[in-house]
Amino acid sequence: MTTSDAEQVQQGSAWWDNAAHLWSHGWQQWVDMGKERRSVVAEPAQAASAVPNTEIDVEPPTSLDRVTQAVLARTTLGISPASLALAGFDWLAHLAMSPGKWQRLAEKSVRKWARLASYLPRACSGTIEAPCIEPLERDERFRDDAWKRWPFNIYSQAFLLQQQWWHNATTGIPGVSAHHEAVVSFVARQLLDMVSPVNFVATNPAVLDATLREQGQNLLRGAGNLHEDWERAVSGKPPVGAEQFQPGKAVAVTPGKVVYRNRLIELIQYAPTTDEVAAEPVLIVPAWIMKYYILDLSPQNSLVRYLVERGHTVFMVSWHNPSHGDRDLDMDDYLRLGVLDALKAVRTIVPGCKVDTVGYCLGGTLLAIATAYLARERDPVVHSMTLLAAQTDFTEAGELMLFIDPSQLDYLENLMWDQGYLDTKQMSGAFQLLRSNDLIWSQVVQQYLMGKRTPMTDLMAWNADATRMPYRMHSQYLRRLFLNNELFEGRYEVDGKPVVLRDIQVPIFVVATERDHVAPWRSVYKIKLAADADVAFVLTSGGHNAGIVSEPTHHGRHYRMSIKHRQSTYLDPDNWFAATPQRGGSWWTAWGDWLAEHASGRNSPPGLGALQRGLPVLADAPGCYVFER
């Protein structure tokens, strides 16, 4: 639903509204409201305490504290200034006590300036000279030959030398915690990227050439693009071109029916296209941070369509987009109303079957919890488990851990406490910062300086169709899994007892991607340390999303694959990478063969829904939850 003008004004003045409300109604009203909310929602900070303190009475945060931080969080996109200040102080205090580090930094600075000075005469000669420093492997900003011409070669080389010096200045300081070092280095990199010569007309050869050639028309188009994007952002509209990829019309068009619905999910059953199907149906649990149809994009790259055409009965969970009224939904609700209710519905439609389960990203983590829980309860419903870019261990969760520490989580929880959820813009800001060169600055250059619109694709349109996260669930997810790593360490409880990954003994197929900044592949690889089962592990080219959407017709794809049997010894990820040969093509075909190998036979396709058993067809796919805004 499009945000009205009145709502825009209200959102735009949120800071002043909250401040005025505090003064006009008094602090006591906020304290009373906090007591009322705490009677309904358990305080995450208290729930996270492993050992109760019987000597000191620790008071919970007051509502005044919460509202103050919530107001501030809206202006900082949920990023805690206190967390940044702690990291900065840790770095600065230890640097101040490290004269040896000062000396090395001074020496490095002199050497870098000397290198640049010796390069300068050669750079001005008009010939292409070997650079004095090369960009990092994944830094594509200065690869074009235009950056080898004077004076742009000087700009790029000076920037890269400066970038290298700041990396040395923010790392390798004795005494600084690893987390604070990573935060300071990350912030320094973000600030440097802001002033990169790529981002300015006069210092970017491609932009400067276009401006001279078009007599500034590119900048006029860019100004129009900027205004249009700003207008869409404040009115809650999707990016330009996203309207071409509406679910049910251009994407999410695989035929099917909604056969089950509760307050949290719709379950879609897809229509068969073959005379016989595998005996085990496939249930897919996508991440609830985005809409489900990344796995059912356009017909040519739909994983759902691929499975249906290979003779599988496919079910898909479509998550409800939470609002303020869903603030109390927790991880147990997502487990029971999501995975377990979906499994129950699948077995009602296909009686007596076991189920091949698939989980993507957060949905994969939840599926691992559900499978371990069912194993503990000795419920044999799961036939196999496939995890797509999903972590079960969070000690190596990549740069996303920059936003995970007690200070940051308290700050974020106060924002969610006030709103009832974490908003899509507040989530997307953090993810964009992780890849700012690709997702922010390259788009600034392309769309606002060059004046060229990046053509919209189905994957880009899906990426802009985000969902909210309920306060209680997201707080538990971040604290129990990211911060405390309870699942991998066997301390994650369901019904008062821990669920243990080692109890999972069904075959497991795991897919990780080489350039995943959300679920780094070495983190995903750790499932081999926890599960007492045969684990087929695949490392595919691409990133967190594009690596999974890797249809067989996609050119240039490759992957590595091996199977670790439960009796096999463990091989660390780096040695595994070196020992496992690369294969050309899509991992989809390898997974399809693996599913066929583990199938127990083939049957006639089941009907859509089960009217006689209480599951009538409710609607055509893609259902209604996918359209919630």
Any side-chain heavy atom of Leu267 within less than 4.5 Å of one from Val317? yes

Value for CE (Met290) from CG (Leu362), rounded to nearest 0.5 Å, stands at 11.0 Å

Judged by atom type as modelled, is there a donor-acceptor pair below 3.5 Å linking the side chain of Thr171 to the main-chain atoms of His167? yes

Non-hydrogen atoms of Leu388 and Tyr360 that approach each other most closely: O-CD1, 3.2 Å

I'd like to know if the side chain of Asn485 pairs up with that of Tyr492 as donor and acceptor (distance under 3.5 Å, no hydrogens or angles considered). no

From CD1 (Ile404) to CZ (Phe394), nearest 0.5 Å: 10.0 Å

Taking the six-membered ring of Tyr373 as reference, does the cationic atom of Arg336 (NZ for Lys, CZ for Arg) lie under 6.0 Å from its centre and within 45° of its axis? yes

Taking Asp332's backbone N and O only, do any of them form a donor-acceptor pair with Asp330's side chain (distance below 3.5 Å, no angle check)? yes

With sequence neighbours excluded, residues passing salt bridge (Lys or Arg N to Asp or Glu O under 4.0 Å) with Asp193: Arg141

Is Arg261 paired with Glu266 through a side-chain N to carboxylate O contact shorter than 4.0 Å? yes

Quick one, Val524 and Val510 - any side-chain contact, counting heavy atoms below 4.5 Å? yes

Is there a donor-acceptor contact under 3.5 Å from the side chain of Thr457 to the main chain of Met460? yes

Please check if the side chain of Asp90 supplies one atom and the backbone of Val176 the other of a donor-acceptor pair under 3.5 Å. no

State the CG-CD distance between Asp333 and Gln476, to the nearest 0.5 angstrom. 8.5 Å

Kindly give the heavy-atom pair with the smallest separation between Glu413 and Tyr471, and that separation in Å. O-CE1, 3.7 Å

Between Gln391 and Phe488, is any pair of side-chain heavy atoms under 4.5 Å apart? no

Does His179, at its NE2 atom, have more than 12 non-hydrogen atoms belonging to other residues, nucleotides or ligands within less than 6.0 Å? yes

I need the minimum non-hydrogen distance between Val183 and Leu402, along with the two atoms involved. N-CD2, 3.5 Å

So does Arg491 have more than 12 non-hydrogen atoms from other groups sitting under 6.0 Å from CZ? yes

Using the rule given for side chain to side chain contact (heavy atoms under 4.5 Å, CB included), can you reason through Ile548 versus Leu295, listing the C-alpha separation, both sets of side-chain angles and the distance that settles it, and then say yes or no? CA-CA 8 Å; Ile548 300 302; Leu295 302 175; 4.1 Å; yes

Separation of Glu486 CD from Ile369 CD1 (nearest 0.5 Å): 9.5 Å

Between Ser80 and Gln408 (side chain of the first, backbone of the second, donor and acceptor by atom type, cut-off under 3.5 Å), is there such a pair? no

When you measure from the side chain of Asn414 to the backbone of Ala70, do you find a donor-acceptor pair of N or O atoms at a distance under 3.5 Å? no

What I want to check is whether the side chains of Ser302 and Asp296 have a donor and an acceptor closer together than 3.5 Å. yes

Roughly how far, to the nearest 0.5 Å, is CZ of Arg66 from CE of Met416? 9.5 Å

Describe, in one word, how the ring planes of Trp288 and Trp319 are oriented to each other, choosing from parallel (under 30°), tilted (30 to 60°) and perpendicular (over 60°). perpendicular

Given Trp417 and Val67, is the side chain to side chain contact (heavy atoms under 4.5 Å, CB included) satisfied, shown in steps? CA-CA 9 Å; Trp417 169 88; Val67 170; 3.7 Å; yes

Evaluate salt bridge (Lys or Arg N to Asp or Glu O under 4.0 Å) for Asp465 paired with Lys291, printing each intermediate quantity in order. CA-CA 7 Å; Asp465 193 9; Lys291 301 294 178 64; 3.1 Å; yes

Given 3.5 Å as the limit, does a donor-acceptor pair link the side chain of Tyr411 with the main chain of Ala73, or not? yes

Can you confirm whether Met331 sits close enough to Leu335 that some side-chain heavy atom of one is under 4.5 Å from a side-chain heavy atom of the other? no

Under 3.5 Å: donor-acceptor pair, side chain of Thr467, backbone of Ile289: yes

Can Lys237 and Glu243 be counted as an ion pair, charged N to O under 4.0 angstrom? no

Are side-chain heavy atoms of Glu181 and Ser177 found at a separation under 4.5 Å? no

Quick check with a 6.0 Å cut-off and a 45 degree axis cone: is Arg327 positioned over the face of Tyr421's six-membered ring? no

Quick one: does any side-chain atom of Thr75 pair with a main-chain N or O of Leu72 as donor and acceptor, under 3.5 Å? yes

Are a donor atom and an acceptor atom from the side chains of Ser407 and Asp405 found within less than 3.5 Å of each other? no

Validation row: Ile265, Leu337 side chains within 4.5 angstrom (heavy atoms): no

With sequence neighbours left out, write down each residue that passes side-chain contact (heavy atoms from CB on, under 4.5 Å) with Asp503, or none if nothing qualifies. Ala375, Arg376, Val500

Quick one: sort the His474 and Tyr477 rings into parallel, tilted or perpendicular, breaks at 30° and 60°. parallel

Side chains of Val382 and Val355: does their closest heavy-atom pair fall under 4.5 Å? no

Would you call Lys526-Glu396 a salt bridge at under 4.0 Å N-O? yes

Could you go step by step and tell me if Arg263 and Asp326 meet the salt bridge (Lys or Arg N to Asp or Glu O under 4.0 Å) rule? CA-CA 9 Å; Arg263 66 172 295 197; Asp326 299 307; 3.1 Å; yes

Between Arg468 and Leu422, is there a donor-acceptor pair closer than 3.5 Å when you use the side chain of the first and the backbone of the second? no

Can Arg480 and Glu493 be said to form a salt bridge (Lys or Arg N to Asp or Glu O under 4.0 Å), step by step? CA-CA 10 Å; Arg480 298 178 67 182; Glu493 293 188 353; over 6 Å; no

Please walk me through it: do Leu366 and Val339 pass side chain to side chain contact (heavy atoms under 4.5 Å, CB included)? CA-CA 8 Å; Leu366 183 65; Val339 181; 3.7 Å; yes

Would you say Tyr334 and Leu329 make side-chain contact, with heavy atoms under 4.5 Å? yes

Audit row: Phe89, His94, ring pair (Phe, Tyr, Trp, His ring centres under 6.0 Å) steps and yes/no: CA-CA 8 Å; Phe89 180 79; His94 285 91; 8.7 Å; no

Hey, can you tell me if Tyr625 and His320 have their rings parallel, tilted or perpendicular (30° and 60° cut-offs)? tilted

Might you work through the side chain to side chain contact (heavy atoms under 4.5 Å, CB included) test for Val549 and Leu297, ending with a clear yes or no? CA-CA 9 Å; Val549 183; Leu297 281 172; 4.1 Å; yes

Phe186 vs Phe403 aromatic rings, parallel, tilted or perpendicular, using cut-offs 30° and 60°? perpendicular

If you apply the rule side chain to side chain donor-acceptor pair (under 3.5 Å), what do you find for Tyr525 with Asp393, and how did you get there? CA-CA 9 Å; Tyr525 185 89; Asp393 174 83; over 6 Å; no

Nearest heavy atoms of Pro247 and Pro622, plus distance in Å: C-CG, 4.2 Å

Distance in Å, Trp521 CH2 paired with Asp516 CG, rounded so as to fall on 0.5 Å steps: 12.0 Å

